[in-house]
Amino acid sequence: MNENLPPCPECSGTYTYEMGALLVCPECGHEWPAASDAAGEPAASGEKVVKDSVGNVLADGDTVTVVKTLKVKGSPTGIKAGTKVRNIRLVDGVDGHDIDCKVDGFGPMQLKSSVVKKA
């Protein structure tokens, strides 16, 4: 048994164990790949990587294009596919809404990165 296993990234539990190619935390039930040293570096440094619908990495100030028509509560028309949104800000929003922006004709709102493409 390897005594040098990393603690759980979710709950920081020290009782992790190997199960095949995964590491498992018995305290919270979280499972993650054992070879997460290279993939875990952005999370370890405190920076969250946000990717658009096709896998491009987004940054503050980018311009994005909406890839599918979105319904907007309280508006008779939604945001149409192809609408450009300029000067986005990356945030830790609610329910996966990780882009804070101002959409022309609709005002300030939050979008999910899965419905935009970097322009």
Side-chain angles (χ1 to χ4, degrees):
M1 184 170 179
N2 188 359
E3 299 297 326
N4 296 326
L5 294 176
C8 176
E10 293 290 315
C11 70
S12 301
T14 58
Y15 299 109
T16 58
Y17 62 91
E18 290 181 283
M19 185 172 68
L22 296 175
L23 294 176
V24 180
C25 176
E27 296 175 11
C28 68
H30 180 67
E31 298 178 353
W32 68 99
S36 66
D37 297 318
E41 285 180 15
S45 65
E47 292 188 29
K48 181 180 173 188
V49 176
V50 178
K51 295 184 178 183
D52 66 2
S53 62
V54 293
N56 297 324
V57 177
L58 297 174
D60 286 343
D62 281 347
T63 298
V64 295
T65 303
V66 178
V67 296
K68 69 180 206 175
T69 302
L70 303 173
K71 294 180 182 179
V72 178
K73 195 183 285 188
S75 174
T77 61
I79 299 173
K80 296 187 182 205
T83 303
K84 284 198 175 198
V85 180
R86 293 177 180 83
N87 199 16
I88 64 169
R89 248 182 346 126
L90 302 178
V91 296
D92 289 329
V94 180
D95 292 335
H97 294 82
D98 45 10
I99 297 175
D100 195 22
C101 60
K102 190 181 287 186
V103 180
D104 292 337
F106 292 95
M109 63 178 47
Q110 290 188 343
L111 298 172
K112 291 184 178 184
S113 60
S114 61
V115 298
V116 299
K117 180 177 78 168
K118 193 170 185 177

Quiz item: Can you tell if the side chain of C11 reaches within under 4.5 Å of the side chain of H30, non-hydrogen atoms only?
Solution: no
Practice problem: Could you tell me the separation between the CG atom of L58 and the CD1 atom of I88, rounded to the nearest 0.5 Å? | Solution: 5.0 Å
Quiz item: Is a side-chain donor or acceptor of T16 paired with a backbone partner of C8 at a separation under 3.5 angstrom?
Solution: no
Quiz item: If every non-hydrogen atom of K117 is compared with every non-hydrogen atom of V67, which pair is closest and at what distance?
Solution: CB-CG1, 3.5 Å
Quiz item: Closest approach of D52 and N56, non-hydrogen atoms and distance?
Solution: OD1-N, 2.7 Å
Side chains of residues 98-111: which donor-acceptor partners sit under 3.5 Å, not counting sequence neighbours?
residue: D98; atom: OD1; partner: S113; partner atom: N; Å: 3.0
residue: D98; atom: OD2; partner: S113; partner atom: OG; Å: 3.3
residue: D100; atom: OD2; partner: R89; partner atom: NH2; Å: 2.3

Quiz item: Within the distance-only criterion (no hydrogens, no angle test), does the side chain of S53 pair as donor or acceptor with the backbone N or O of V116 below 3.5 angstrom?
Solution: yes
Quiz item: Hey, any chance L22 and Y17 share a hydrophobic cluster, counting ILVMFWY side chains that come within less than 4.5 Å of each other, even indirectly?
Solution: no
Exercise. Of all the heavy-atom pairs spanning E27 and G13, show the shortest one and how long it is.
Key: OE1-CA, 3.5 Å
Quiz prompt | Listed partners of R86 passing salt bridge (Lys or Arg N to Asp or Glu O under 4.0 Å), at least two apart | solution = none
Quiz item: Taking all atoms of both residues into account, what is the closest heavy-atom pair of L90 and A59, and its distance?
Solution: CD1-CA, 3.9 Å
Quiz item: Would you say L70 and V91 are hydrophobically clustered, going by side-chain heavy atoms of ILVMFWY under 4.5 Å?
Solution: no
Quiz item: Taking only residues at least two apart or on different chains, which pairs with a member in residues 53-80 satisfy salt bridge (charged side-chain N to carboxylate O under 4.0 Å, His left out)?
Solution: D62-K118
